[in-house]
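In the text below, chain A, chain B and the rest are named by the order of the sequence lines, each starting its count at 1.
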Amino acid sequence: MVERRVLDPAVSMTPAPERAVGPPLASPGASQGAVRATRNRRGRLVGVLVGRRLAWTVPLLAVISLGIFALAALSPADATTGFLGARGEFTPASSRDNVEELLGHGTWLESWLAWAGSTLTGDPGWSTAYRAPVAEIVAARLPWTVLIMATGVLSAAVLSVVLALGVALTPHHPVSRTVVGGLWAVTALPSFLVSLGLMAVFAIGLGWLPAGGLTNPGADLTAGQVATHMVLPTAAVAVSQVPWMSLHLHEALRAQLNGPAVEAARVRGLSEPTIVARHALPAAAIPVVAIAGTRLPEIVAGAAVVELVLSWPGLGQALVEAALAQDLALLATVGVLLTAASLLGGLLADVALVALDPRTDPREL
Amino acid sequence: MRTVPHRARRRRTSSSVLALAVAVALTSCSTGGTATTAESGAGLRLAESTEYASLHPLDHPLGITTKFYDGLVNVGENGALEPGLAAQMPTPDEDLTTWTVQLRQDVTFSDGSNFTADDVLAAYDAVRDPAMGSWMAADYAMVDAVTALGEHTVEFKLSHSYAGLPARLTLGIPASEALGDSVLHSSLAAEPVGTGPYVLEDWRRGESMALSSRDDWWAGDPEVERIDIAFVPDENARAQRLRSGEFDGAQLSPRLAAALDGVNDLELVTNPSGDFRGISLPQSLPFFQDPQVRTAVNLATDRQAMIDGILQGHGRPLATPMTPAQGDSYEPSARFDHDPARAAELLDGAGWTLTVDGVREKDGRQFSFALMYFAEDTLRRDLAQAFASDLSELGIRVELEGVDRSQAAASMEDKAFVLGGGDLPYDADTQVYRQVSSDFADYDPDDPYSNPSGYADEQVDRLLAESREEADPQIRAGLYRELQTRLVQNPPMVSLMALEHTYVAQGLDRWDGLAPVVEPHEHGVAWGPWWNVESWTRP
């Protein structure tokens with residue numbers, strides 16, 4: 001059996017070039033029942049895909065956390081030195097031995113087994129860097145990171161669609177050229193510079209927005225305070241995502257707008273806005289969505305810098321601190337969370353791909 | 001009239017492109033005040049550079065914990081020790097091995113319980129208990145036993161005479177029932193229970209902390225009722241937010257602090273410190289076994305140029321680890337003037353002669369060594385570069401190595417190192433002993449920073465021992481002055497300078513009671529002009 005045709009008989013009935021633009025264009029030629037049956041079948045296959053991926057997740061996370069412990073053992077830095085930090089310079093030998101004893105010893109494998117066993121029972125251990133339970137630290141910080149990442153990526157997506165459409169529809173306009181050039185330039189800007197720049201302009205220069213933290217110094221933690229304070233970190237996350245998103249989208253849109261599917265639609269007399277909104281944009285979004293899932297870890301890494309500069313109490317800051325202090329329980333827990341998040345991101349991107357592109361076979365993903 | 005005398009003269013240098021760039025960036029922005037314009041009548045808003053890992057007094061002494069805890073002895077104006085929870089300064093017996101401390105009777109902890117001798121016993125047992133894991137345990141190794149002579153009297157029995165004990169009694173005393181099993185797992189790391197002027201109101205991890213004053217502190221109600229501390233690790237961000245008026249103060253590097261001095265209502269405030277920097281001269285290297293060579297290297301070092309160029313003038317040149325902050329114990333005539341010509345003579349005399357390629361040699365061995373500095377520490381990096389440049393003019397090759405702490409510890413025996421000291425400058429003994437005593441001359445990878453040069457001098461050891469046994473403060477100070485004279489005759493290392501810690505603040509004139517202090521190596525918003533914030537009053 002040849003999957004694609006069987007997967008979507010409705011599509012297979014339409015001329016080949018039109019398949020690329022998907023069901024909306026193809027469905028007039030197919031019966032309602034056939035479409036429903038196809039949807040059900042694809043739904044089941046997506047379920048299988050999700051199950052298969054999740055089954056892989058657990059062993060993968062185990063290997064990743066094992067790797068973190070093994071690599072830490074190879075690194076010249078040791079936990080005692082990390083724990084003592086700057087005080088190490090004033091710590092005589094016998095005190096140092098006590099601290100070493102306190103932090104525990106044993107091989108990296110034993111440490112990992114202890115951590116993994118404890119994590120399976122719901123307690124991911126004790127953070128040496130923060131002298132507190134890992135679960136408490138993660139629970140306190142994760143929401144803040146998710147907040148600026150989710151809003152940042154979402155606003156980046158909206159802005160990218162606007163920019164890419166604008167540029168793709170008026171490719172020869174001087175503004176379009178400037179925008180594309182500008183986007184390439186922004187790609188080269190490191191996160192800390194973006195964050196500091198945003199702060200200098202919008203917080204210090206114009207005085208429109210607060211420069212950092214969750215609230216003004218000493219203010220209560222209210223939704224209003226957080227809403228104004230999250231603007232800059234969100235913008236900083238968004239600014240780092242807009243260039244690649246919009247440039248990819250722009251390229252894909254240009255290809256679509258000059259492609260045979262759109263030609264065919266034009267021949268059939270569909271209006272230009274309909275063609276762009278219903279045919280070109282969904283098709284162009286496919287590669288961008290596919291990339292987005294895999295770029296999640298990078299977004300988190302960028303967020304760590306944003307968090308540091310804008311004093312945003314997220315997980316990225318804690319990750320850096322854990323690495324510097326050789327705080328393995330926290331490092332491994334955050335590492336596992338990040339891995340899980342990017343696996344989930346990849347999965348969501350794939351599911352979105354199946355939904356957007358009828359040619360995609362869930363069994364091949 | 002304010003009393004902070006070390007307010008620095010404003011100074012701008014164009015020596016650094018960075019300083020200039022930052023200054024331009026800062027001054028080119030308009031003055032837009034952000035959301036926080038509310039006059040904080042009885043409060044302070046400060047920005048701290050690093051979040052505290054722990055608030056446990058046995059894990060984090062002499063910093064923010066001094067707001068939550070008192071020691072038996074506290075650090076007072078100009079760095080003088082004064083009674084804290086002790087009713088008067090501890091009194092020793094004749095041979096300084098038994099010290100008796102009368103305790104205040106009117107003191108309660110923030111949880112409402114009474115402060116008694118049991119709390120003192122518990123704290124000093126805990127700090128010495130290996131299982132507690134306090135990094136200060138070894139500092140109390142001379143304490144054999146602490147006993148209660150009554151509900152409000154304790155006695156310290158020492159294994160040897162020790163005149164420097166009062167400085168060690170600055171340890172913060174928590175409520176004994178809250179001590180916990182170890183500094184790692186104790187609830188005190190996040191929930192202080194002390195006798196100090198403030199309590200922890202709120203701690204938003206990674207973001208900020210709020211302190212509020214107690215209304216039952218034994219020394220009276222603080223008029224600064226609330227202190228909000230935001231954690232702003234990025235120094236440029238800290239400088240920008242200070243400039244916008246969001247904070248009343250923060251610590252900044254000398255360069256950034258100078259750039260902000262006089263901008264808006266900000267002013268530069270400095271405190272002297274016992275925080276010194278030096279360069280070890282490991283005697284495993286043959287050339288550093290010769291005192292003449294060590295003297296030559298000291299004479300070749302242009303300390304004042306480092307202070308002016310790197311610290312914007314905020315430092316005092318040193319010849320030994322002893323600093324002017326040690327008061328009568330400091331010997332001002334013990335100094336190394338910058339004299340490269342004399343240094344060259346000494347090296348020639350010692351047989352290290354210049355070769356055609358400009359590097360000195362003796363018996364076929366080049367005068368060349370590696371100098372390590374902590375890679376993340378820009379001050380130590382700059383000092384290492386300046387030192388290498390001074391020595392290269394003399395025909396000595398110095399290879400710089402930026403290292404992490406583990407690498408530094410592993411290579412300390414045969415590589416020079418830019419070291420820092422002054423963790424407890426309130427007694428001459430705690431300032432200098434570990435640096436120069438032959439007790440620590442043998443390299444120990446677990447204790448690489450004590451006497452990192454592997455220096456041993458009989459006269460120095462004798463003076464260190466005698467001053468520990470001397471009860472008369474004036475005679476004792478004289479012994480330390482003699483020690484410095486000897487340390488210049490036979491230098492263990494190149495002591496560079498004592499730092500002045502630099503802060504930027506606004507609104508200080510709204511308060512009376514500001515005073516200078518001597519800061520330890522530790523710095524931050526618990527020091528600076530705010531170190532005695534609990535006793536500030538409204539004019």
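Between chain B and the options Gly212(A), Ala140(A), Ala219(A), heavy-atom pairs under 4.5 Å are most frequent for Gly212(A). Among Val99(A), Val309(A), Leu196(A), Leu214(A), the residue making the largest number of heavy-atom pairs under 4.5 Å with chain B is Leu214(A). Ranked by non-hydrogen atom pairs under 4.5 Å with chain A, the options Asp139(B), Asp404(B), Leu46(B), Val183(B) are led by Val183(B). In terms of heavy-atom pairs under 4.5 Å with chain B, the best-connected choice from Asp97(A), Thr80(A), Leu221(A), Asp78(A) is Leu221(A).
Contact annotation for Asp59(B): both backbone and side-chain heavy atoms come within less than 4.5 Å of a heavy atom of chain A. Both the backbone and the side chain of Ala137(B) come within contact range of chain A, with heavy atoms under 4.5 Å apart. Proximity to chain B (any heavy atom under 4.5 Å) is shown, for Phe192(A), by neither the backbone nor the side chain. For Ala131(B), the part lying near chain A is the backbone, with the side chain staying farther off; criterion is any non-hydrogen pair under 4.5 Å. Contact annotation for Asp327(A): neither backbone nor side-chain heavy atoms come within less than 4.5 Å of a heavy atom of chain B. For chain A, no part of Arg238(B) is nearby; none of its heavy atoms comes within less than 4.5 Å. Heavy-atom distances place both the backbone and the side chain of Thr215(A) under 4.5 Å from chain B. The parts of Ala86(A) that come within reach of chain B are both its backbone and its side chain, each placing non-hydrogen atoms under 4.5 angstrom from that chain. Residue Glu51(B) touches chain A through its side chain alone, counting heavy-atom pairs closer than 4.5 Å. Neither the backbone nor the side chain of Tyr140(B) comes within less than 4.5 Å of any heavy atom of chain A. Interface remark: Phe374(B) contributes side-chain atoms only to the contact with chain A (heavy atom separation under 4.5 Å). Looking at Arg226(B), only its side chain comes within 4.5 Å of chain A, counting heavy atoms on both sides. Contact annotation for Glu522(B): only side-chain heavy atoms (C-beta onward) come within less than 4.5 Å of a heavy atom of chain A. Looking at Ala230(B), neither its backbone nor its side chain comes within 4.5 Å of chain A, counting heavy atoms on both sides. Using a 4.5 Å cut-off between heavy atoms, Arg87(A) touches chain B through backbone and side chain atoms alike. Only the backbone of Met132(B) comes within contact range of chain A, judged by heavy atoms closer than 4.5 Å. For chain B, the nearby part of Leu84(A) is the side chain; its heavy atoms alone come within less than 4.5 Å. Residue contact with chain A, scored on non-hydrogen atoms closer than 4.5 Å, involves the backbone and the side chain of Asp446(B) alike. Residue Asp423(B) touches chain A through both its backbone and its side chain, counting heavy-atom pairs closer than 4.5 Å. At a 4.5 Å heavy-atom cutoff, Ile229(B) makes no contact with chain A through either its backbone or its side chain. No part of Ile137(A) comes within reach of chain B, as not one of its non-hydrogen atoms sits under 4.5 angstrom from that chain.
Residues Arg141(A) and Gly206(B) come closest through the heavy atom pair NH2-CA, 3.2 Å. The shortest non-hydrogen separation linking Leu102(A) to Leu184(B) is CD2-CB, 3.9 Å. Here the closest non-hydrogen pair linking Met199(A) and Ala237(B) is CE-CB, 3.5 Å. Across every non-hydrogen atom of Tyr449(B) and Gly88(A), the tightest pair is CD1-O, 3.4 Å. Residues Ala93(A) and Asp444(B) share a closest heavy-atom pair of CB-OD2, 3.4 Å. Residues Ser94(A) and Ala138(B) approach most closely at OG-CB, 3.2 Å, considering heavy atoms.
Considering only heavy atoms from C-beta on, Pro92(A) comes within 4.5 Å of Arg434(B) through its side chain.
Relative orientation of the Phe90(A) and His521(B) rings is perpendicular, given thresholds of 30° and 60° on the angle between their planes.
Note on residues 309-326 of chain A: pairs passing side-chain hydrogen bond (donor to acceptor under 3.5 Å, both in side chains), not counting sequence neighbours, are Ser311(A)-Arg241(B).
A donor-acceptor pair under 3.5 Å is absent between the side-chain atoms of Gln240(B) and the main chain of Ile204(A), judged by distance alone.
Within 6.0 Å of atom CG in Asp181(B), 12 or fewer heavy atoms from other residues, nucleotides or ligands are found, so the atom counts as exposed in its surroundings. A 6.0 Å sphere centred on CG of Asp442(B) holds no more than 12 heavy atoms belonging to other residues, nucleotides or ligands.
Taken from CZ in Arg131(A) to OG in Ser187(B), the straight-line distance is 14.5 Å, to the nearest 0.5 Å.
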